[in-house]
Amino acid sequence: MAALTADRNTLYKDGEELPFPVAANAVIYAGALVVANAAGYAAPGSAAAGLIALGRAEEYIGNNPGADGAKVIRVRRKKAFLYANSVTDAVVQADTGKPCYIQDDQTVCHTATGKSVAGTVVGLEAAGVWVHIG
């Protein structure tokens with residue numbers, strides 16, 4: 001394709017709630033931190049490198065058994081979500097404005113080693129860590 005030489009009606013999505021095809025054999029619970037795996041399919045957050053945080057699951061999806069993409073999940077992003085703070089590797093106040101990392105599908109932690117970025121820490125409270133994703 002060539003560069004534009006006239007106006008173009010470029011379609012868009014607001015990007016706040018998007019559908020993503022689900023990984024084979026994945027079970028994702030509503031409210032879970034959802035990631036894209038290496039193949040680009042939605043999966044529950046886990047302590048692994050190379051995952052991309054997508055946002056929060058808006059619904060339960062059980063794709064087990066199921067092939068990659070057999071089901072689609074709605075994921076909310078561009079918001080701050082309250083996730084549990086790790087008991088063994090806690091996010092601290094000094095992490096505000098910095099990345100935190102995925103420990104599992106409901107927990108974030110301070111240390112990056114062997115983990116993927118969950119999002120940016122925007123607050124801490126007794127109930128957990130506010131993480132901005134997207």
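What you see is a predicted model, and the numbers here were worked out from it, not measured in a lab. Because only heavy atoms are used, hydrogens play no part in the values below, and waters and symmetry mates are left out as well, while side chains stay in.
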Peer 1: Measure across Ala70 and Asn63 and return the closest heavy-atom pair with its distance rounded to 0.1 Å.
Peer 2: CB-OD1, 3.6 Å

Peer 1: Any non-hydrogen side-chain atom of Asp104 less than 4.5 Å from a side-chain atom of Gln106?
Peer 2: yes

Peer 1: Without swapping roles, check the side chain of Thr96 against the backbone of Gln93 for a donor-acceptor pair under 3.5 Å.
Peer 2: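 Flag set: sc Thr96 to bb Gln93 pair under 3.5 Å.
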
Peer 1: Would you say Arg56 and Tyr83 make side-chain contact, with heavy atoms under 4.5 Å?
Peer 2: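 Sidechains of Tyr83 and Arg56: in contact.
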
Peer 1: Does any part of the side chain of Val35, heavy atoms only, come nearer than 4.5 Å to the side chain of Ile52, both counted from C-beta?
Peer 2: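 Answer no - side chains too far apart.
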
Peer 1: How about Glu58 and Glu17: do any of their side-chain heavy atoms sit closer than 4.5 Å?
Peer 2: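 Counting from C-beta outward, Glu58 and Glu17 do come under 4.5 Å.
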
Peer 1: Ignoring hydrogens, what is the shortest heavy-atom contact between Pro99 and Val117? Give both atom names and the distance.
Peer 2: CB-CG1, 4.1 Å

Peer 1: Could you check whether any side-chain heavy atom of Trp130 comes within less than 4.5 Å of a side-chain heavy atom of Glu125, counting everything from C-beta outward?
Peer 2: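 A side-chain contact exists here, since the closest heavy-atom pair is under 4.5 Å.
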
Peer 1: If I compare all heavy atoms of Val34 with all of Ala42, which pair ends up nearest, and what's the gap?
Peer 2: CG1-CB, 3.8 Å

Peer 1: Measure across Ala53 and Ala118 and return the closest heavy-atom pair with its distance rounded to 0.1 Å.
Peer 2: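 Heavy atoms only, the tightest pair is CB-O, 3.2 Å.
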
Peer 1: Between Asp95 (side chain) and Lys98 (backbone), is there a donor-acceptor pair under 3.5 Å?
Peer 2: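 It does not hold such a pair.
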
Peer 1: Got a donor-acceptor contact below 3.5 angstrom from the Asn85 side chain to the Val91 backbone?
Peer 2: yes

Peer 1: How far apart are the closest heavy atoms of Ala127 and Leu82, and which atoms are they?
Peer 2: CB-CD2, 3.8 Å

Peer 1: Can you confirm whether Tyr101 sits close enough to Thr111 that some side-chain heavy atom of one is under 4.5 Å from a side-chain heavy atom of the other?
Peer 2: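 They are not in contact (no side-chain heavy atoms under 4.5 Å apart), so the answer is no.
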
Peer 1: Verify the cluster assignment for Ile73 and Leu54: are they in a single hydrophobic cluster under the rule of side-chain heavy atoms below 4.5 Å apart?
Peer 2: yes

Peer 1: With a sphere of 6.0 Å drawn around OH of Tyr29, does it hold more than 12 non-hydrogen atoms of other residues, nucleotides or ligands?
Peer 2: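 It does not: Tyr29 OH has 12 such atoms or fewer within range.
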
Peer 1: Without swapping roles, check the side chain of Thr107 against the backbone of Ser86 for a donor-acceptor pair under 3.5 Å.
Peer 2: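 Not a single qualifying donor-acceptor pair exists.
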
Peer 1: For Ser46, is there any backbone N or O sitting under 3.5 Å from a side-chain donor or acceptor partner on Lys115?
Peer 2: no

Peer 1: Same cluster or not: Leu51 versus Leu33, using hydrophobic residues (I, L, V, M, F, W, Y) connected whenever any side-chain heavy atoms lie under 4.5 Å apart?
Peer 2: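 Leu51 and Leu33: one cluster.
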
Peer 1: Does a salt bridge link Glu16 with Arg77, judged by any charged N lying under 4.0 Å from a carboxylate O?
Peer 2: no

Peer 1: Donor-acceptor pair, Lys71 side chain versus Gly66 backbone, under 3.5 Å?
Peer 2: no

Peer 1: To the nearest 0.5 angstrom, please state how far the CD atom of Glu59 sits from the CD1 atom of Ile28.
Peer 2: 9.5 Å

Peer 1: Treating Ile, Leu, Val, Met, Phe, Trp and Tyr as nodes and any side-chain heavy-atom pair under 4.5 angstrom as an edge, say whether Ile133 and Val121 lie in one connected cluster.
Peer 2: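 In one cluster: yes.
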
Peer 1: Can you tell me how far CZ of Phe81 sits from NE2 of His132, rounded to the nearest 0.5 angstrom?
Peer 2: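 Answer for the NE2-CZ pair, His132 versus Phe81, is 8.0 Å.
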
Peer 1: For a 4.5 angstrom cut-off between non-hydrogen side-chain atoms, does Cys100 reach Val131?
Peer 2: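 SC-SC contact between Cys100 and Val131 confirmed.
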
Peer 1: Using side-chain heavy atoms (C-beta onward) and a distance below 4.5 Å, is Lys13 in contact with Leu18?
Peer 2: yes

